[in-house]
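Worksheet: the structure to be examined is printed underneath.
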Protein chains: 4
Amino acid sequence: MKQPEPAGAGEAKPLTDKQQRVLDAALEMFAERGYSGVATNEIAKRAGVAEGTIFKTWKTKKDLLVAVVAPLFFRLLAPRLLEEVRALFLRPWPDAESLLRAVLLNRTEFIREHQRVLKVVLQELPFHPEVRTLATDAIKTRLWPDLRATWERLQAEGKVRADAAPHVIARNIIGAFAAWFLVRYVVDPGDHWNDADEHEQIVRLLLDGIRPR
Amino acid sequence: MKQPEPAGAGEAKPLTDKQQRVLDAALEMFAERGYSGVATNEIAKRAGVAEGTIFKTWKTKKDLLVAVVAPLFFRLLAPRLLEEVRALFLRPWPDAESLLRAVLLNRTEFIREHQRVLKVVLQELPFHPEVRTLATDAIKTRLWPDLRATWERLQAEGKVRADAAPHVIARNIIGAFAAWFLVRYVVDPGDHWNDADEHEQIVRLLLDGIRPR
Amino acid sequence: MKQPEPAGAGEAKPLTDKQQRVLDAALEMFAERGYSGVATNEIAKRAGVAEGTIFKTWKTKKDLLVAVVAPLFFRLLAPRLLEEVRALFLRPWPDAESLLRAVLLNRTEFIREHQRVLKVVLQELPFHPEVRTLATDAIKTRLWPDLRATWERLQAEGKVRADAAPHVIARNIIGAFAAWFLVRYVVDPGDHWNDADEHEQIVRLLLDGIRPR
Amino acid sequence: MKQPEPAGAGEAKPLTDKQQRVLDAALEMFAERGYSGVATNEIAKRAGVAEGTIFKTWKTKKDLLVAVVAPLFFRLLAPRLLEEVRALFLRPWPDAESLLRAVLLNRTEFIREHQRVLKVVLQELPFHPEVRTLATDAIKTRLWPDLRATWERLQAEGKVRADAAPHVIARNIIGAFAAWFLVRYVVDPGDHWNDADEHEQIVRLLLDGIRPR
DNA sequence: AATGAATGAGTCTTCATTCAT
DNA sequence: GATGAATGAAGACTCATTCAT
């Protein structure tokens, strides 16, 4: 329990106070102005640290980016979190509706917590193979297998229709969720949303489709 | 009908050969490496033009970005295209299914054609107010009103369910489509996809939902 | 009488309308922003001429500067003007006072007329040997001999003190005049000056000194 | 008394060796070729410093110009110097003659010391409001009040004529001095001058005028 | 003669990275 | 470990000059 980041990655030593401040500053600034829009000396200034100090810990600016972004994936893959998600799926939901709603809530919280890292990841994904690798690895080897397994089980139990490929179902759901999050937190992040109502409608539409019954 | 770009914007003069080559080079390179990852002298070299020539036409590099990106929106708003989309919606579809499938096809083509501009727009959106303005203007004042109107008509005709807000329906559909395009053209752009089959499933799920009937 | 600038320099052909407009534009802009603060394309635009046109007449930008500045010296040396000045000096002035006052008036007019060229000359003198040569030549070979001769005559006639070197007398007078012109036309060019009164005082001080009699 | 530059301006830290070398190089080159005739990389090379180093201390090239030029005015206004000048004026001179001669000597030394800065200031004055402000401020708020007061006192004591406005007297004197300095140090800076004799004549002419008594 | 598109060397400035202290 | 002065390569942009039309 001495290490804040329990196992998971090769990151051995806990971060010093200064290092943490650098990461915080970098995250905030990258999120606001993009990786290449921020100069290292600005990060240093905001972190209250000498510019050289940054390069003592991270050899290059890109290393810093990776360090800023990696925790998202470590946390994504952290046993505890995976367990949590798995538990979510494994609970004997009475129907798919409750499940979907629970996942939506769960992700909402996750996104609200990691909003800035997510922004940075999405923005820098196209230009940094290192980041891309982190992301695809995390998705392919950890999330997707679980997701797929869960889905197939639900289909077997007759709780979701069996005449559709899991990847299409997953994609539609993720697409709908993502569209909502994008609108909610990026395009129009005001306070005027009735989140519960939106969730309700999103889930109902996903379940029953847009065709009138 | 003498000018290739029929009215539309205040841009009066047609582009010279060199200007066109600069735009092409810039588009290609911005798409690959991002706006700030490309130096103007590289663009010049790729376009077979002196660096100074670029700045004769566009005062700054950012002006060049806008020039690269703007045609997408001009074309998006070009009367012909708007007409086409409107016609698509206004045709007396027997059901929503055929409509959705037609729109999906139509957008697929649009995306395949403008793949690179779209990539640039999405990538640079967060950092360039000018680009953001272009995009939000195009969407808010042109696309959304039509979309909303169409949708409300469909609801009135009993062709889609009336107990869901148009914006949620639209968002779910767009989300599903976008997720598909992203996977299809960015994440895994191989040739191994059966596009028709994917379309079929996407549309069916949107229409009928994932709950078994 | 066909040539506006009669003899004097190697300049054979009269200027075309466009050439004159270029010279005018260049003079005005050089005076305002300095030689190196003005781009040739700005001169061209102001003159309503294509940039290339300038270089048809003057091989380089510096040639243009010389062309802008040279007329001052041609005019300075133009027989007519020299005659005028010489006449000024040769007239049988009752005393030095009237002479000084006449010269001051005469120079005032000259400066007001050629204000901008003078400004350009003074500003660019230090950096352009060509301009410096023009100036020193004009002064050494034309003005100074006359000035000196006149002065020595005045001394011989007992109209100015003989126990001072002509060059010191000339320098003091020119210094006082120049200081006045500088303040009057550059430092504080307002309309609140009583020119006649200033002239009166300047001349009296030059003549009688600052020591009370 | 630990800092070589005793208070005076907001400039707190003393200059490092490299900064001083940059200032020296810049001063020398600006004086020779003018502000806009010198490239920053040349200054860097001459100072034996990387080009970037310059911009660490001075944000822009113009800032460097101001830094080069400002010390003149700080020194001009430095308490010690002001005191010195004031003392010069306040000493109970037997007559105005001795005073004028002393001032002339004093200024000669000042000019010989600061020759290059003075040149730069005069050359760049017309084009850089920042420099102009420095100069006019220094003159208006510090030098002129003292000068005027002194002069009026001398008039009251009957040591200089009272029937001439102080500003005209001052202007004539300054003009005569300036003309001399210009000829002596700029136009014809040789060693063949008999400075003492020139001073003698300048002062006598100023005092007694050019009219024979 | 006149044009103005095109050039490319040159300019100021930024910034990730290094290293002596 | 930490510092921050120093670096120099690279970047966006300017501008006098040329040349095909």
Side-chain angles (χ1 to χ4, degrees), chain A residues 16-19 22 35-45 47-65, chain B residues 13 16-19 22 35-45 47-64, chain C residues 16-19 22 35-45 47-65, chain D residues 13 16-19 22 35-45 47-64:
Chain A
T16 68
D17 182 47
K18 294 202 172 185
Q19 286 168 338
V22 169
Y35 172 77
S36 66
V38 179
T40 50
N41 72 351
E42 294 176 293
I43 298 175
K45 192 182 291 173
V49 154
E51 202 174 356
T53 306
I54 296 178
F55 291 90
K56 272 283 179 318
T57 308
W58 300 280
K59 293 247 178 305
T60 68
K61 190 186 175 192
K62 187 165 282 191
D63 282 355
L64 175 59
L65 170 63
Chain B
K13 291 180 196 164
T16 68
D17 183 46
K18 294 202 173 189
Q19 286 169 336
V22 169
Y35 172 76
S36 67
V38 180
T40 51
N41 67 359
E42 296 176 293
I43 298 175
K45 193 181 291 174
V49 153
E51 199 174 359
T53 304
I54 296 177
F55 291 93
K56 271 269 153 36
T57 307
W58 301 281
K59 291 222 192 317
T60 66
K61 192 187 173 190
K62 187 165 282 192
D63 280 357
L64 176 59
Chain C
T16 67
D17 182 46
K18 295 201 171 187
Q19 286 168 338
V22 169
Y35 172 75
S36 66
V38 180
T40 50
N41 71 353
E42 296 176 291
I43 299 175
K45 192 181 292 173
V49 154
E51 203 173 356
T53 305
I54 295 177
F55 291 90
K56 271 282 176 325
T57 307
W58 302 280
K59 292 251 179 302
T60 67
K61 191 187 174 190
K62 187 165 282 191
D63 282 356
L64 176 59
L65 171 63
Chain D
K13 292 180 195 163
T16 68
D17 183 45
K18 294 202 172 189
Q19 286 169 337
V22 170
Y35 172 75
S36 66
V38 180
T40 51
N41 68 356
E42 295 176 293
I43 299 175
K45 193 180 292 174
V49 153
E51 200 173 359
T53 304
I54 296 178
F55 291 92
K56 270 272 153 32
T57 306
W58 301 282
K59 290 221 191 318
T60 65
K61 191 188 173 190
K62 186 165 282 190
D63 281 356
L64 176 60

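All chains are named by letter (A, B, ...) in the order of the sequence lines, taking the proteins before the strands, and each is independently numbered beginning at 1. No experiment lies behind these values; they were computed from the predicted model shown. Atom set for the values below is all heavy atoms of this structure, side chains included, hydrogens, waters and symmetry mates excluded.
Consecutive pairing runs in DNA chain E reach the stem threshold at E:2-21 with F:2-21, where a stem means at least three Watson-Crick or G-U wobble pairs with distances under 3.5 Å.
For D/Leu64 and E/dT11, the CG to P distance is 16 Å, given to the nearest whole Å. Between C/Trp58 atom CH2 and E/dA2 atom P the separation is 10 Å, expressed in whole Å. One can place CD1 of B/Ile43 at 11 Å from C1' of F/dA12, the figure rounded to the nearest angstrom. Regarding D/Gln19, its CD atom lies at a distance of 12 Å from the C1' atom of F/dG4, rounded to whole Å. For D/Ile54 and E/dC12, the CD1 to P distance is 9 Å, given to the nearest whole Å. Across the protein-nucleic acid pair, B/Lys45 atom NZ and E/dA9 atom P stand 12 Å apart, rounded to whole Å.
Scanning both residues, D/Tyr35 and D/Lys61, for their nearest heavy atoms gives O-NZ, 2.9 Å. Shortest non-hydrogen contact noted between A/Ile43 and A/Val22 is CG2-O, 4.0 Å. Nearest heavy atom pair, residue A/Gln19 against residue A/Thr16, reads OE1-N, 2.8 Å. Between B/Ala50 and B/Ala44, the shortest heavy-atom contact is C-CB, 4.0 Å.
For residues 47-56 of chain D, every residue pair satisfying the side chain to side chain donor-acceptor pair (under 3.5 Å) rule, not counting sequence neighbours, is listed here: D/Thr40-D/Glu51.
Comparing A/Thr57 and D/Ala50, the nucleotide of DNA chain F nearest to each residue sits closer to the 5' end for A/Thr57.
Within 6.0 Å of NZ on A/Lys62 lie more than 12 heavy atoms contributed by other residues, nucleotides or ligands. For C/Lys45, the NZ atom sits in a loose shell: 12 or fewer heavy atoms of surrounding residues, nucleotides or ligands are nearer than 6.0 Å.
Atom CG of B/Leu64 sits about 8.0 Å away from atom CZ of B/Phe55, to the nearest 0.5 Å.
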* To do: Report, as a single string ordered 5' to 3', how protein heavy atoms within less than 4.0 Å touch nucleotides 13-21 of chain E: B base, S sugar-phosphate only, - not at all.
  => BB-BBB---

